[in-house]
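Written below as structure tokens is the structure these notes are about.
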Amino acid sequence: MRLRLFIDFWNFQINWNERSNQALCDWKSLPTALAREAQARLNAAGLGQPTLEETRVYASYEPANPKDAKLRQWLTNFLDRQPGVRVFQAERHWRRRAIHCRGCDSNIVNCPSCQAPIGRASEKAIDSLIVTDLINLAWEGAYDVALLVSSDRDFVPAVDLLQRKNFKVVNACWSGQGNELARVCWASFPLDGLIAGLTRR
């Protein structure tokens with residue numbers, strides 16, 4: 001059995017930062033640790049020991065953000081050069097977006113503290129890329145088991161489709177999140193228990 005690992009970078013990293021108290025994650029060891037957890041669930045079902053074929057990391061960035069320039073250097077010059085790892089990057093564009101208050105029925109367009117415009121940068125391009133790769137690689141026969149690291153419910157339709165075609169999807173997500181996605185996957189496991197072993201010292 002062949003296992004391919006799909007990591008939704010920001011979905012993983014933001015939660016890692018919060019739950020590890022901003023500790024550094026050992027990204028070199030992360031794919032092996034995740035594959036080991038998936039292998040344990042497959043072994044328990046009597047399906048054998050899958051081989052990790054490839055790790056695919058999907059990350060977005062804001063071109064105008066100086067912090068993201070440093071992130072892109074790390075993604076390109078470190079992570080993408082690790083054995084068996086491929087990094088896919090997409091631009092994230094910030095747009096002004098008011099917040100609607102249900103209490104007073106008004107729109108807040110500027111931050112009450114600093115008066116900066118309120119908005120957000122959408123990551124839809126990354127979600128679409130992950131879904132496309134999950135389906136294309138399955139149709140090409142590139143894997144038997146997909147290990148999807150995300151708690152985003154936008155992946156539910158793609159996972160449902162893959163499993164109806166007899167591909168197994170194992171989900172790794174943070175506890176208290178991603179219940180809808182975990183429910184439709186063949187198996188799932190929480191990431192929280194991996195923090196101690198993956199914290200760089």
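Just so we're clear, the structure is a prediction, and the values are computed from it rather than from any experiment.
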To check you understand the geometry: which heavy-atom pair defines the closest contact between [X] and [Y], and what is its length?
X	Y	answer
Leu181	Val156	CA-CG2, 3.8 Å
Asp192	Cys173	OD1-O, 4.4 Å
Ala33	Leu198	CB-CD2, 4.0 Å
Pro66	Ala64	CD-O, 3.4 Å

field: Asp160/Arg164 salt bridge by N-O under 4.0 Å criterion
entry: yes

query: Is it true that Arg200 and Asp26 have a side-chain N and a carboxylate O under 4.0 angstrom from each other?
result: no

message: Are Phe12 and Trp174 an aromatic pair, judged by ring center distance below 6.0 Å?
response: yes

- request: Decide if atom CG of Asn136 counts as having more than 12 heavy atoms of other residues, nucleotides or ligands within a radius under 6.0 Å.
  value: yes

- request: Inspect the surroundings of CZ in Arg153 and state if more than 12 heavy atoms from other residues, nucleotides or ligands are less than 6.0 Å away.
  value: no

- prompt: Would you call Tyr61 and Phe9 a side-chain contact if the rule is heavy atoms closer than 4.5 Å?
  reply: no

field: Rounded distance (nearest 0.5 Å) linking atom CD1 of Ile7 with atom CZ of Phe88
entry: 12.0 Å

task: Any pair with a residue in residues 182-201 that passes ring pair (Phe, Tyr, Trp, His ring centres under 6.0 Å), sequence neighbours left out, goes on the list, sorted by first then second residue, please.
output: none

task: Kindly assign one of parallel, tilted or perpendicular to the pair Phe6 and Tyr58, based on the angle between their ring planes and the thresholds 30° and 60°.
output: parallel

task: May I ask whether Val87 and Leu24 are part of the same hydrophobic cluster, defined by side-chain heavy atoms of I, L, V, M, F, W, Y residues being less than 4.5 angstrom apart, directly or through others?
output: no

